[in-house]
J.: 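This is the structure I have questions about; it appears just below.
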There are 2 protein chains.
Amino acid sequence: MEKSEITIKDVAKLAGCSPTTVSRVINNSDHPVSSKTKALVKEAIKELNFRPNRIAQGLKSDKSHIIGVIVHDICDSYFAQMVKGIEEFISDYDYIINIYNTNRGIEKELHSVNMLKVNRADAVVFAGSTLLDEEYRKIMGEYVQNLKKQGTVIVGVTPHPFEIVNIELGNELAAQTITDYVLNKGHRKIAYVAGPKILNTSQQRSEGFKKALKCRGIEVDNRLIIRSDFSFEGGRKAALELLDNIDEVTAVVAANDATALGLMWELNNQGIKVPQDVSVVGVDDLPEAKYSYPPLTTISLPVYKLGKQIGEYLINKLHGNKIVDDPANVQISLIERGSVRDLL
Amino acid sequence: MEKSEITIKDVAKLAGCSPTTVSRVINNSDHPVSSKTKALVKEAIKELNFRPNRIAQGLKSDKSHIIGVIVHDICDSYFAQMVKGIEEFISDYDYIINIYNTNRGIEKELHSVNMLKVNRADAVVFAGSTLLDEEYRKIMGEYVQNLKKQGTVIVGVTPHPFEIVNIELGNELAAQTITDYVLNKGHRKIAYVAGPKILNTSQQRSEGFKKALKCRGIEVDNRLIIRSDFSFEGGRKAALELLDNIDEVTAVVAANDATALGLMWELNNQGIKVPQDVSVVGVDDLPEAKYSYPPLTTISLPVYKLGKQIGEYLINKLHGNKIVDDPANVQISLIERGSVRDLL
DNA sequence: TTGTACGCGTTATCAA
DNA sequence: TTGATAACGCGTACAA
C-alpha cells in the first residue's frame, strides 16, 4: 500500500533513533539531545519531507490550532475586512481560520458554536453584533460557558451578553458623533434609518443618534425613523419610504454605510440631489464609501486593523503570555467627504 | 480536576455498556445493537450532552472534515460570494471551512497548501485563478500531487495546471461576449483595461477581448491596452492613464467589474460622462455593479451559485457517491444596463 | 543523552 | 447481541 503517510517513526528509523527523540527535536524540547543526533534527525526530516500530523498532535494536546470566526455575512466588507485582518495575523503562527456565515440566523449561530466545540477550536471570535433574542441568549450562554470550560479563548466584537472579552466598537459614540456633525452643519430636521431590530449594534447606534438630538434639546420625531436592515438594498427601500416626508427633511443619518449608499443611490434615482436637496451620512467607512456620488461623509471604524489586533490578542493568549492587554478599543474618526450640505 | 471532557467512556459507564457499543450507536453502525441498549445509550448521550471528539475521530479515520478554500482576497465580493456559497452548502453536512487569504502571493499560497496538508484537509478549493509563475507551478505541482495521494479532493476554479478538477468559468468567452456587445453597438475604437499579469484569468480575458476584435477584422491597438490589477483603485489609475488618448476612444472594456467601477468613477470625476462621452463595460456582475452611475453593463458570472455547486460536488465526492458529475460549468449571461451608448 | 511504555478518544477487528 | 483489544500519530513520564 502506498497510502501510508510519513510518520515520526519513519523519521526515527531513518535517523537511527527513537520516535521520542524525533519528537523532542521537532518541538525544540528542553530535554537534551546531542547535536549529532539532532542533525541526523533534521536530515531525515528534510529527506522524507516530514511534517507532523496536526490531528495527532491535537488529540494529544487537546488543541486544534483552529480559530473560529462567526460572521453575519462574509459578503459584507465590514466582516470581510475583519476576517482578513485576523487571518493575516494568525497564519504567521500556523493557526487556521474556520469561518461560519450565519446570515444573522439563530440556528446557524448555534450550529457554528457546536461545530467549534466538537472540533476543539482553540479560540472563537464573534465578529458580529449579538442577536437580541431571549431564547438565543439562554442557550448560547450555556454553549459559551461550555467552550470556556474547555479553555477556548473567546472574543466578541461589540458587547455580547456572555462572559467573554468584549471589544467596544464605540457604536453609540459613532452614531452620536456623526449626528452631531450634521447638527453642526445647521440641520435640524433629520431622519434616521436604523439597522435590523435583532442586532445589538442597531440599538446602540440608534441610541447614539437620539442622544445627539437630545443634547441639543431636539425632539425625536418617530415618523422620521425608518427600520432597515444594514444593506444597500435596504437603504434603497428606506429612501422610497422616506419619499413622503422628504420635503421636511434636510438630512438623513443612516445606521451604516451600506444603507447610506443605497439610500443615496435611490435618492439620486428619484431625482433628489445629495447633498443639495438632502444630506446623507453613514457609519463604518467602507472601502466603497469614498467612491459614491457624492463621496460619503461617515465615521471610520477600522475593522481591518481591529482584525489584526484581535489576531495578536489571540496569539498572545494562546501562547500563554501572561501580560496581555485586551485588544485596544478601536479609535473612531470622522471622515468628512461630500455628502453633507452646510446650512450655515 | 474539572477539566475532563465527556467521552465515549463516560457515556458507556452511564448506559451500562461498553464504549464499543456507544460508538456503534453514534455511527448508526450496521452491527446489531439491541433496541433496549440503544435507547439506554441515547438516553445517556442526551443526559451528558455528549458529542464525539472530532479530533479523535479524525486521527482514527484520517479525515478532518475540513474543507480548505484558498482565495486571493476575501474582501473582493467575487470571492466572498463563492466562499459563502460553499460554506452554506457544506455546513449542512457538518464540514467546516478553512480559508486562506493569499493576496496573490506565492509564499502564502504555498503556506496555505502546507497547512491544509498537515491538518489533513478532506478537500481543497482553489477559488482564484492560478499564478503564472514557473517556480510556483513546479513546487505547487508537487504539493498538489502530495495532497492527492492523501486522498484530498481538489477543485480549481478556472484552469489550473495541476491534475485536479478544473471548473471552466468561461473567462475568455465572457470577455469576448461583452466586447462583441460593444462592437454591436457600433463602437470601433475600444480600449481595454487588463488584469494583473500574474493571473491566468487576466490572460484568458485579454484573449477574449482580442478575439472579438479579430473576428471583425479590427486591429488591436496596443496603446489602448492598459495593465491594471482587478481593483477599484486600479480602475481609477487606468482612467488617468487613458486620459491622453480618451478622445479617440468611444468605449472601454474593463477586465472585471471592480476595475470598470473605478474607471467610471474617475472618468466621472474628470468630467467625462459615461456613456455619453465614452462607454464602459466590465465582467463579473458584482452586486455593486447595478448601483453605479450609470449602472454597469456586464457579464454575469454567478459565483455564489458556483460556490453551492462546488459544495455539492465536494460532499458527493467525500461521501463516496460514485456517480458524480463534475461541477457544472457556470452559465454566463449578458447583463445589459446603462453604461453603453448605442452609436448606430 | 537516549529509549520504553502509555495514553489522548475513537473505531475496526476479532472473539465470545 | 456484546465487549475486549489494538491501533491511528504523537508527546510525556519514567527508566536506563
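Just so we're on the same page: letters track the sequence lines, and every chain starts at 1.
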J.: Within this structure, what is the CG-to-C1' distance between A:Asn53 and C:dC8, rounded to whole angstrom?
T.: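 After rounding, the reported distance stands at 13 Å.
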J.: Evaluate the side chain to side chain contact (heavy atoms under 4.5 Å, CB included) criterion for residues B:Leu199 and B:Leu131: first the C-alpha distance (whole Å), next the side-chain angles of each, then the deciding distance (0.1 Å), finally the verdict.
T.: CA-CA 5 Å; B:Leu199 290 185; B:Leu131 269 19; 3.6 Å; yes
J.: Would you say B:Gln57 reaches C:dG9's phosphate, i.e. side-chain N/O to OP1/OP2 under 4.0 Å?
T.: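 Indeed not, no polar side-chain atom of B:Gln57 lies that close.
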J.: Taking CZ from B:Arg24 and P from C:dA12, how many angstroms apart are they, rounded to a whole number?
T.: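 Rounded to whole Å, this separation is 10 Å.
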J.: In terms of side-chain heavy atoms of A:Thr20, which of C:dG9, D:dT12, D:dG3 is nearest?
T.: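 The answer is D:dT12, which lies nearest to the side chain.
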J.: Over how many whole Å does the gap from B:Ile8 atom CD1 to D:dT2 atom P extend?
T.: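 Spelled out: CD1 on B:Ile8 to P on D:dT2 is 15 Å.
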J.: For B:Ser18 and D:dA4, is the shortest distance between a side-chain N/O and OP1 or OP2 below 4.0 Å?
T.: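 For D:dA4, OP1/OP2 do not have a side-chain N/O of B:Ser18 under 4.0 Å.
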J.: Please report, rounded to the nearest Å, how far the C1' atom of D:dG9 is from the CD1 atom of A:Ile6.
T.: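 Value for this atom pair: 14 Å.
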J.: When you measure only distances, ignoring hydrogens and angles, does the side chain of B:His31 come within 3.5 Å of the base of D:dT2 through a donor and an acceptor?
T.: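 Present.
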J.: By nearest atom, which of the nucleotides D:dG3, D:dA13, D:dC10 is closest to the A:Phe50 side chain?
T.: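 Given the options D:dG3, D:dA13, D:dC10, the side chain of A:Phe50 is closest to D:dC10.
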J.: Take atom CG of A:Asp62 and atom P of D:dC10, then tell me their distance rounded to the nearest Å.
T.: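 A:Asp62 atom CG is separated from D:dC10 atom P by 18 Å.
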J.: Nearest heavy atom decides the nucleotide; on that basis, is A:Ser35 or B:Lys60 closer to the 5' end of DNA chain C?
T.: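 It is A:Ser35, whose closest nucleotide lies nearer the 5' terminus.
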J.: For the residue pair A:Phe89 and A:Tyr93, does the interplanar ring angle fall in the parallel (under 30°), tilted (30 to 60°) or perpendicular (over 60°) class?
T.: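 Parallel: the ring planes of A:Phe89 and A:Tyr93 meet at under 30°.
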J.: Which whole-number value in Å describes the distance from A:Asn28 CG to D:dG11 C1'?
T.: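 So the two atoms are 14 Å apart, to the nearest Å.
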J.: According to the interplanar angle, ranging from 0 to 90°, do the rings of B:His111 and B:Tyr100 count as parallel (below 30°), tilted (30 to 60°) or perpendicular (above 60°)?
T.: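 Aromatic pair B:His111/B:Tyr100 classed perpendicular.
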J.: Would you indicate what A:Pro32 reaches in the nucleic acid, counting non-hydrogen atoms under 4.0 angstrom: base, sugar-phosphate, or nothing?
T.: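 Base, at least one base atom sits under 4.0 Å.
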J.: Counting only side-chain N and O atoms of B:Ser23, is one of them less than 4.0 Å from OP1 or OP2 of C:dT11?
T.: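 Yes, within the criterion.
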J.: For C:dT11, does either OP1 or OP2 sit under 4.0 Å from a side-chain N or O belonging to B:Asn27?
T.: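 B:Asn27 to C:dT11 OP1/OP2: side-chain N or O found under 4.0 Å.
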J.: Quick test of your reading of the model: are A:Glu5 and B:Lys117 salt-bridged, counting only N-O distances below 4.0 Å?
T.: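 Salt bridge between A:Glu5 and B:Lys117, a charged N being under 4.0 Å from a carboxylate O: yes.
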J.: Would you mind classifying the nucleic acid contact of A:Thr37 as base, sugar-phosphate or nothing, using non-hydrogen atoms under 4.0 angstrom?
T.: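 Contact class for A:Thr37: sugar-phosphate only.
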J.: Rounded to whole Å, how long is the line connecting atom CD1 of A:Ile55 with atom C1' of D:dA7?
T.: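 In whole Å, D:dA7 C1' and A:Ile55 CD1 are 15 Å from each other.
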J.: Over 60° means perpendicular and under 30° means parallel, so tell me whether A:Tyr95 and A:His65 are parallel, tilted or perpendicular.
T.: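 A:Tyr95 vs A:His65 ring planes: perpendicular.
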J.: Does a distance-only test, which skips hydrogens and angles, find a donor-acceptor pair under 3.5 Å between the side chain of B:Arg120 and the base of D:dG9?
T.: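 No pair found.
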J.: Between B:Asp30 (CG) and D:dT1 (C1'), how many Å, whole number?
T.: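 So the CG-C1' distance, B:Asp30 to D:dT1, works out to 14 Å.
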J.: Touch check for A:Leu59, heavy atoms < 4.0 angstrom, all strands: base, sugar-phosphate only, or nothing?
T.: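 Base: the residue A:Leu59, judged by heavy atoms under 4.0 Å, touches a nucleobase.
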